[in-house]
Amino acid sequence: MSGAELAALLDRHGFDFFTGVPCSLVETLITALERRRRDPYVAAVREDAAVGLAAGAWLGGRRPVVVMQNSGLGTSLNALASLSLMYGFPALLIVTWRGFAGQDAPEHLLMGEISPSLLDLLRIPHRILGSDSADELLAWARREMDAREAPVAILVPPGVVATGASDGVVADGAASARRADRDAAENRRTGAAGSDPEILHGVISRQEALAVAVKELGDAPVIHANGYVCRESFATADRPQNFYMIGSMGLAAAIGLGLALVRPARASVVFDGDGNLLMGLGTLAMVGSLGPQNFVHLVFDNEVYGSTGGQASPSREVRLDRLARGAGYRTATAVTTPPAIAAALRSALGTRGPHFILVKVTAVEATVPRIPHPPAVIRDRFRRALRA
Ligand SMILES: Cc1ncc(C[n+]2csc(CCOP(=O)(O)OP(=O)(O)O)c2C)c(N)n1
């Protein structure tokens with residue numbers, strides 16, 4: 001079924017508040033929900049924040065839906081247990097089933113295997129979406145959540161909701177990339193990127209920015225955020241000093257901070273994404289309070305969740321470098337051009353930090369493969385490279 005059809009059914013069954021964190025399996029559903037004239041989808045920075053938003057919306061009289069990948073079920077366990085289930089806050093959880101039948105990238109396999117059991121353990125009633133069962137399932141979900149005053153879940157296996165291409169919907173990623181391209185051209189024309197400190201959008205792609213940054217790294221270790229940051233960096237230059245964090249969205253900065261604290265004589269660099277940073281925003285305060293001088297945090301901010309189809313991220317309106325400065329990083333700069341990126345990274349690697357470099361980039365995504373190395377290989381060669 002198409003995402004638009006599912007969105008229309010949700011509407012018909014009385015669901016009227018939508019939030020979540022994107023997954024590519026429901027890209028077209030989120031596109032349709034973002035386009036609702038009344039109460040469009042609210043982009044949450046974490047799945048547990050989405051569960052909180054849904055509780056607030058229910059208190060305000062709505063029947064909420066939280067869209068999440070099953071990895072986000074892990075992120076929101078405590079919110080589900082000690083908020084939704086304890087107080088009795090109804091919500092429909094639309095949980096995509098990555099790792100279904102053991103067929104997926106390594107980061108999804110274990111969670112894929114245990115997703116139904118996790119829901120069982122939480123005593124959250126759940127059903128599996130099939131292409132012709134949506135109407136009936138949504139009627140069930142509404143009945144159950146209203147009667148129990150508790151969350152219910154619908155698991156969405158791959159292929160049930162059509163992807164952008166087969167749906168006839170312009171994939172939002174492509175739309176965002178085109179919008180970002182137009183913005184970039186406009187920025188170049190008006191000089192907006194440099195002249196108004198409040199407005200800063202990318203003028204080059206992340207892969208172009210990565211190519212510049214990688215040249216400055218020397219042998220510095222780099223922890224990569226999940227998604228396309230990993231893949232494009234791998235395609236630019238695979239290095240043993242690259243740790244590709246292929247799952248665990250939001251944790252790259254925490255891993256880099258841990259490394260910085262125990263290896264103070266060597267730089268610890270993080271290549272982060274805006275969605276990743278926003279999912280683990282509290283880590284900024286840890287960096288600010290602990291103040292590791294060897295910590296260099298680059299955020300490639302394309303203003304979207306590019307890896308899952310280009311849904312808008314709050315970073316379009318929020319200057320992440322200012323958050324870092326407020327959290328206590330010693331320096332926080334924002335750059336858009338190749339010479340500025342090179343100069344900022346060179347300076348950060350040669351001076352006392354912690355440093356934060358916001359690299360504003362367009363949403364253009366390179367066609368690059370998944371990381372081919374198995375997780376244990378990534379881990380072991382990185383550890384060896386650190387000892388060298
Ligand atoms: C807990 C969790 N929720 C959702 C996802 C799905 N997911 C993978 S990458 C990604 C987007 C990351 O955004 P950002 O850091 O801005 O990088 P970009 O995709 O734009 O390159 C999402 C939502 C996930 N892997 N884990």
Side-chain angles (χ1 to χ4, degrees), residues 19-27 30 41 43-51 66-80 93-99 104-112 115 118 156 158 171-174 176-177 180 202 205-207 209-210 223-235 244-254 270-281 283 297-316 318 320 358-368 370-371:
T19 183
V21 177
C23 172
S24 53
L25 293 190
V26 284
E27 184 188 331
I30 297 177
Y41 172 87
V45 294
R46 294 170 51 98
E47 287 82 358
D48 51 2
V51 168
V66 176
V67 182
M68 65 169 84
Q69 186 174 91
N70 52 347
S71 53
L73 201 52
T75 308
S76 54
L77 276 186
N78 189 46
L80 290 169
L93 313 176
I94 296 188
V95 183
T96 63
W97 198 346
R98 298 296 304 256
D104 212 325
E107 67 270 25
H108 294 298
L109 296 181
L110 179 58
M111 193 51 103
S115 290
L118 266 182
V156 184
D172 226 25
S176 310
S205 71
R206 182 178 46 215
Q207 195 158 37
L210 277 164
I223 310 292
H224 291 71
N226 78 329
Y228 269 73
V229 181
C230 270
R231 295 202 207 181
E232 289 183 1
S233 180
F234 170 83
Y244 305 112
M245 185 199 72
I246 55 177
S248 317
M249 182 173 168
L251 288 187
V270 175
F271 282 180
D272 222 339
D274 47 290
N276 268 269
L277 181 86
L278 288 164
M279 189 172 265
L281 206 51
T283 306
H297 197 168
L298 272 88
V299 178
F300 295 93
D301 179 5
N302 57 4
E303 303 179 353
V304 290
Y305 297 96
S307 307
T308 47
Q311 302 84 0
S313 120
S315 72
R316 195 172 176 81
V318 178
L320 302 176
L358 180 67
V359 186
K360 287 297 256 188
V361 291
T362 66
V364 172
E365 218 152 62
T367 308
V368 283
R370 280 184 173 279
I371 308 295

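One is the number of the first residue; the rest follow in order along the sequence. Order of appearance sets the numbers: ligands from 1, and atoms from 1 within every ligand. Computed from heavy atoms alone, side chains included, the values below leave out hydrogens, waters and symmetry copies.
Checking side-chain atoms of S313 against main-chain N and O of S315 turns up a donor-acceptor pair under 3.5 Å. In terms of modelled atom types and a separation under 3.5 Å, the side chain of Y41 and the main chain of G20 share a donor-acceptor contact. Judged by distance alone, with hydrogens and angles left aside, the side-chain atoms of W97 form no donor-acceptor pair with the main-chain N or O of P158 at under 3.5 Å.
For ligand 1, one of its N or O atoms has an N or O atom of N276 under 3.5 Å away. For ligand 1, one of its N or O atoms has an N or O atom of N226 under 3.5 Å away. Geometrically, ligand 1 and V304 share a nitrogen or oxygen pair separated by less than 3.5 Å. An N or O contact shorter than 3.5 Å is missing between Y305 and ligand 1 by distance. Considering backbone and side-chain N/O of C23, none are found under 3.5 Å from N/O of ligand 1. At a 3.5 angstrom cut-off on N or O pairs, T308 does not count as close to ligand 1. In terms of polar-atom proximity, defined here as any N/O pair under 3.5 Å, G275 does make such a contact with ligand 1.
Residue, atom and distance of the protein heavy atom nearest to atom 2 (C) of ligand 1 are S71 OG, 3.2 Å. The shortest contact between atom 1 (C) of ligand 1 and any protein heavy atom is with T75 OG1, 3.4 Å. What sits closest to atom 23 (C) of ligand 1 on the protein, heavy atoms only, is P22 O, 3.3 Å. When only non-hydrogen protein atoms are considered, atom 10 (C) of ligand 1 lies nearest to M249 SD, 3.7 Å.
Summarising the geometry, atom CZ belonging to R46 is positioned 6.0 Å from atom OG1 belonging to T75; distances are rounded to the nearest 0.5 Å.
Between the side chains of Q207 and S205, no donor N or O sits under 3.5 Å from an acceptor N or O.
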Verdict with reasoning, E232 to F271, per side chain to side chain contact (heavy atoms under 4.5 Å, CB included): CA-CA 11 Å; E232 289 183 1; F271 282 180; over 6 Å; no
Determine whether L210 and V361 satisfy the following criterion, side chain to side chain contact (heavy atoms under 4.5 Å, CB included), listing intermediate values before the conclusion. CA-CA 10 Å; L210 277 164; V361 291; over 6 Å; no
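V156 is not listed as a side-chain neighbour of L25, based on a closest heavy-atom distance of 4.5 Å or more.
If you run side-chain contact (heavy atoms from CB on, under 4.5 Å) between L358 and each of L277, L320, D272, L298, only L320 comes through. For the side-chain contact (heavy atoms from CB on, under 4.5 Å) with N302, the qualifying choice from T362, V364, D274 is D274, the only one to do so.
Counting only non-hydrogen atoms, the option in E303, Q69, E47 that gets closest to atom 24 (C) of ligand 1 is Q69. Among G273, A363, S315, the residue whose heavy atom sits closest to atom 17 (O) of ligand 1 is G273.
If you look at R206 next to ligand 1, the close heavy atoms, those under 4.0 Å, all belong to the side chain. The backbone and the side chain of D274 each have at least one atom closer than 4.0 Å to an atom of ligand 1 (non-hydrogen atoms only).
Of all the atoms in ligand 1, the ones that sit under 4.0 Å from a non-hydrogen atom of G306 are 18 (P), 19 (O), 20 (O).
Within the 4.0 Å heavy-atom shell around ligand 1 one does not find R46.
In this structure, R231 satisfies the cation-pi test against Y228, with its NZ or CZ atom closer than 6.0 Å to the six-membered ring centre and inside 45 degrees of the ring normal.
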